Asks: 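Pasting a structure here, questions to come.
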Amino acid sequence: GAETVCFEPEPDDAKPNWAFVGKGAGSYKKVDTYQYVGVGGDGAYDKEDVVTYRGFRCRWCCLYGALLLLIAGIIAVVVMLVLRKERVVEQDQLIMADVRAAPRPHTTSTPFDCEAGYWNWEKGWSNAKKQWCCDWRNRGCPHMASPPAPPPAP
């Protein structure tokens with residue numbers, strides 16, 4: 001499968017194993033003398049070498065490939081971060097240029113609402129509010145402590 005591309009089995013050792021293959025179906029090996037294996041010498045067993053694997057080892061080409069991919073990934077991330085930072089700096093500069101070029105709106109808000117709580121301005125307003133409302137709105141001035149009495153009816 002795909003795992004054999006980068007990993008190869010690491011053999012532990014090969015041991016002979018005698019497997020029953022049927023009466024008369026075993027193999028023969030030419031040696032100086034014939035040797036029949038099995039009960040009564042009828043060749044019912046065959047020798048097979050059994051290899052057991054204790055693990056896998058990675059091939060060098062795959063290690064180098066993985067290292068190159070890791071380095072390429074790090075370079076890609078660094079490049080993206082640098083380009084992103086440059087875009088953010090450019091956007092900030094454009095925004096600041098727009099802010100400087102835009103006309104500033106005139107604010108019409110006042111620091112105090114001289115109508116709020118006017119019925120109790122002597123006790124309810126702070127000294128700063130009294131001073132501002134007296135100077136700018138002619139409300140809450142000390143000489144207005146008591147409203148003038150209405151003129152007598154004729």
Side-chain angles (χ1 to χ4, degrees), residues 1-140:
E3 70 275 359
T4 59
V5 172
C6 285
F7 297 99
E8 58 185 349
E10 194 172 285
D12 189 10
D13 56 358
K15 296 180 183 175
N17 185 29
W18 295 94
F20 181 75
V21 291
K23 187 171 184 171
S27 64
Y28 296 94
K29 183 177 181 184
K30 184 177 179 181
V31 289
D32 290 339
T33 60
Y34 285 102
Q35 178 181 13
Y36 296 99
V37 179
V39 179
D42 57 2
Y45 287 85
D46 196 9
K47 180 181 175 186
E48 66 178 357
D49 290 328
V50 177
V51 178
T52 56
Y53 298 102
R54 63 180 166 158
F56 290 89
R57 62 178 173 215
C58 190
R59 298 177 191 225
W60 285 105
C61 63
C62 291
L63 287 175
Y64 292 134
L67 182 64
L68 286 174
L69 285 174
L70 179 66
I71 291 171
I74 290 172
I75 290 172
V77 167
V78 168
V79 167
M80 285 191 305
L81 289 174
V82 167
L83 291 177
R84 181 174 178 252
K85 184 176 180 181
E86 287 176 1
R87 274 189 263 134
V88 168
V89 168
E90 288 173 6
Q91 288 175 350
D92 287 349
Q93 289 172 349
L94 289 174
I95 290 170
M96 291 306 294
D98 288 345
V99 167
R100 289 185 194 120
R104 297 185 188 253
H106 296 288
T107 57
T108 57
S109 63
T110 58
F112 300 105
D113 181 5
C114 297
E115 296 300 320
Y118 180 66
W119 62 274
N120 189 25
W121 69 269
E122 291 177 337
K123 295 181 183 174
W125 285 7
S126 66
N127 290 333
K129 183 174 180 177
K130 288 177 190 175
Q131 183 66 44
W132 191 90
C133 287
C134 182
D135 292 344
W136 293 95
R137 299 286 189 256
N138 200 25
R139 306 277 288 179

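Here the structure is a predicted model, which means the values were calculated and not measured. One-based numbering along the sequence shown.
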Asks: Quick one: side-chain contact (heavy atoms from CB on, under 4.5 Å) partners of Lys129, sequence neighbours excluded?
Replies: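 For Lys129 the side-chain contact (heavy atoms from CB on, under 4.5 Å) partners, ignoring immediate neighbours, are Phe112, Ala116, Trp125, Ser126, Cys133.
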
Asks: Output every pair passing salt bridge (charged side-chain N to carboxylate O under 4.0 Å, His left out) with a member in residues 68-82, not counting sequence neighbours, ordered by first then second residue.
Replies: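 Matches after skipping sequence neighbours: none remain.
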
Asks: Are any non-hydrogen side-chain atoms of Leu63 and Leu67 less than 4.5 angstrom apart?
Replies: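 Contact flag for Leu63/Leu67 side chains = no.
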
Asks: Under the side-chain hydrogen bond (donor to acceptor under 3.5 Å, both in side chains) rule, collect the residues that match up with Asp135, sequence neighbours excluded.
Replies: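 For Asp135, the residues satisfying side-chain hydrogen bond (donor to acceptor under 3.5 Å, both in side chains) (neighbours in sequence not counted) are Gln131.
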
Asks: Between Tyr118 and Arg139, is there a side-chain heavy-atom distance shorter than 4.5 Å?
Replies: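 Heavy-atom side-chain distance check passes, below 4.5 Å.
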
Asks: State, yes or no, whether a side-chain contact exists between Cys114 and Trp132 at a heavy-atom distance under 4.5 Å.
Replies: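 Touching, per the 4.5 Å side-chain cut-off.
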
